[in-house]
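Here's the structure we're looking at; comments come further down.
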Amino acid sequence: MENSEQPEQQSDNEGPPQYSILREYFVTTVVCTIFALFVTTYMVHPMTVPTPSMEPTILVGDRLLIDKFTIRNGFKTGLPFTPHHTLERGDVVVFKFPKEPEVLYVKRIIGLSGETLEIRNKTVYIEGKPLDEPYKVHSDSYVYPNRGRFHPGSGDQRDNYGPITVPENFYFAMGDNRDDSADSRYFGFLPLDHIVGSPLIVFWSYQDDADAYLRSSFPEILQLYAERIIFFFTRTRWSRTGHRVR
C-alpha cells in the first residue's frame, strides 16, 4: 500500500534568517548614534546662551543651532560643490574660550587679521576710522578714562583700548552688549583654530532666571528643569522660534 504522505521539500526560495527584534533595535540604535555623532561633530550642534553679552542680537535663554561646517570649510581650500564662508567683519561666531577650550562663547568678529584696532570712549576705530556698528548697545553711560593700560587683565580696557594690531590667523571679537561682555578686550585675540562655527537660527527661546547658569548642585539643577516644565508655555518666547542670528 502506497504511503500518501509526501516528504516535505525545502523551498529553494527561502530567504536568509531574519534578525531577532532585539538585534534589529540594537543595530538601529548604533546606526542612529553614529549618525547623530557625525552630525553634531561636523555639521550642526545645539547651544544654549546663558549670559546677556550678545543682547539684543541673542537673548539669555536662546537655544541656537550652530553651523559647524560652512566656516570651517572656508578655512582652507574646502570641499568642492559645498558651502563655505570666509570670515568677515560683523560675522557672529561660536568659538572655544581660549582660557577654557571646553566652554563655548558666542561673539561678533570686529577686527580682522593685520588690522589696527583702537577703542576710544566706547567707539571702535579700524585703521583710524570709526566703525559703524548698528548692532551694538551700551547699558552704562559712564566712560572709564584712558589710563594707557589696555592689555588683557588690566581692568581699564572696557571703553578705551589700544591701538593694537591683530596678528595673522587671529581675530578681535566683541559682544554686542558692550558694557557687559567678556570678550577680546579681556581674554585677548581669538585664534582662528578655536572657531567652531556660526549660529544659524534660534530653535527655542526660554526666559530663564538671570542666575540660571550659576546653578550647579543637583537640587538646583533639578529645580531648574522642573521650572522649565511648569512654565514652558508662559516663559517660552514663541516669536523667536526660527529667528535667524545676524
Side-chain angles (χ1 to χ4, degrees), residues 35-36 38-75 82-97 102-112 122 124 131-140 171-184 190 194-215 221 224-246:
F35 178 74
F38 174 81
V39 170
T40 56
T41 302
Y42 298 104
M43 304 296 290
V44 179
H45 186 79
M47 174 187 179
T48 301
V49 178
T51 65
S53 67
M54 279 296 292
E55 290 184 349
T57 305
I58 301 173
L59 305 182
V60 174
D62 278 355
R63 274 70 173 176
L64 310 174
L65 285 181
I66 308 304
D67 174 6
K68 301 180 72 174
F69 180 79
T70 305
I71 287 181
R72 286 171 144 183
N73 196 35
F75 283 175
T82 56
H84 64 275
H85 175 72
T86 302
L87 283 173
E88 301 173 353
R89 188 184 345 277
D91 287 344
V92 179
V93 295
V94 174
F95 57 91
K96 300 175 184 177
F97 181 45
E102 67 277 7
V103 178
L104 294 181
Y105 272 36
V106 56
K107 306 291 179 187
R108 192 181 295 273
I109 297 294
I110 301 300
L112 305 177
K122 297 182 183 289
V124 176
L131 189 62
D132 181 24
E133 299 185 277
Y135 42 76
K136 73 167 183 174
V137 296
H138 289 281
S139 56
D140 183 7
Y171 296 90
F172 197 90
M174 299 177 71
D176 290 355
N177 188 1
R178 290 294 159 82
D179 300 325
D180 191 8
S181 173
D183 49 41
S184 286
L190 169 61
H194 278 50
I195 296 176
V196 172
S198 60
L200 284 174
I201 62 169
V202 178
F203 67 89
W204 181 41
S205 182
Y206 178 86
Q207 190 174 354
D208 274 322
D209 294 334
D211 64 343
Y213 72 101
L214 298 175
R215 302 183 190 181
I221 294 175
L224 182 63
Y225 279 94
E227 289 175 354
R228 288 173 180 171
I229 294 173
I230 295 171
F231 300 109
F232 175 81
F233 290 102
T234 56
R235 291 190 181 181
T236 292
R237 303 183 185 101
W238 298 101
S239 62
R240 288 189 67 77
T241 303
H243 174 74
R244 291 191 63 187
V245 178
R246 297 178 179 176

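- Shown here for Pro199 and Leu64, the closest heavy-atom pair between the two residues is CB-CD1, 4.1 Å.
- The only option from Trp238, Tyr206, Tyr225 that meets the ring pair (Phe, Tyr, Trp, His ring centres under 6.0 Å) definition with Phe232 turns out to be Trp238.
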Taking it one step at a time, do Arg237 and Val202 satisfy side chain to side chain contact (heavy atoms under 4.5 Å, CB included)? CA-CA 10 Å; Arg237 303 183 185 101; Val202 178; over 6 Å; no
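- In this structure, Asp209 and Glu227 have side chains that are in contact, with non-hydrogen atoms separated by less than 4.5 Å.
- Between Tyr105 and Phe95, the angle of the ring planes lies from 30° to 60°, which puts this pair in the tilted group.
- Of the options Val196, Ile195, Val94, a side-chain contact (heavy atoms from CB on, under 4.5 Å) to Lys68 is made by Val196 and by none of the others.
- In this structure, CE on Met54 lies 3.5 Å from CG on Asp176, to the nearest 0.5 angstrom.
- Between the CG atom of Leu200 and the CG atom of Leu65 there is a distance of 6.5 Å, given to the nearest 0.5 Å.
- The two residues Val60 and Pro52 come nearest to each other via the heavy atoms CG2-N, 3.4 Å.
- Between Thr241 atom OG1 and Phe203 atom CZ the span is 10.0 Å, to the nearest 0.5 Å.
- The closest side-chain heavy-atom distance from His243 to Ile58 is not below 4.5 Å.
- Using a 4.5 Å cut-off on side-chain heavy atoms (C-beta onward), Val137 and Glu55 make no contact.
- Note that the OG atom of Ser53 and the CZ atom of Arg178 stand 11.0 Å from one another [nearest 0.5 Å].
- With hydrogens and angles disregarded, no donor-acceptor distance shorter than 3.5 Å links the side chain of Trp204 to the backbone of Gly61.
- Taking 4.5 Å as the limit, some side-chain heavy atom of Asp179 sits within range of a side-chain heavy atom of Lys122.
- Asp91 places none of its side-chain heavy atoms less than 4.5 Å from the side chain of Ser198.
- Taking all atoms of both residues into account, the shortest heavy-atom contact from Ala173 to Leu190 is CB-CD2, 4.2 Å.
- Taking every heavy atom of both residues into account, Ile109 and Leu112 meet most closely at CG2-CD2, 3.7 Å.
- Summarising the geometry, atom OH belonging to Tyr171 is positioned 10.0 Å from atom CD belonging to Glu88; distances are rounded to the nearest 0.5 Å.
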As a quick check of understanding, evaluate salt bridge (Lys or Arg N to Asp or Glu O under 4.0 Å) for Asp208 and Arg63, giving each step before the final call. CA-CA 11 Å; Asp208 274 322; Arg63 274 70 173 176; 3.5 Å; yes
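- Taking a cutoff of 4.0 Å between a charged side-chain nitrogen and a carboxylate oxygen, Arg108 and Asp183 do not qualify as a salt bridge.
- Side-chain contact check for Lys107 versus Val92: every heavy-atom pair is 4.5 Å or farther apart.
- Nearest heavy-atom pair across Leu224 and Ala212 is CD1-CB, 3.9 Å.
- A distance of 10.5 Å separates CG in Asp140 from CG in Asn177, rounded to the nearest 0.5 Å.
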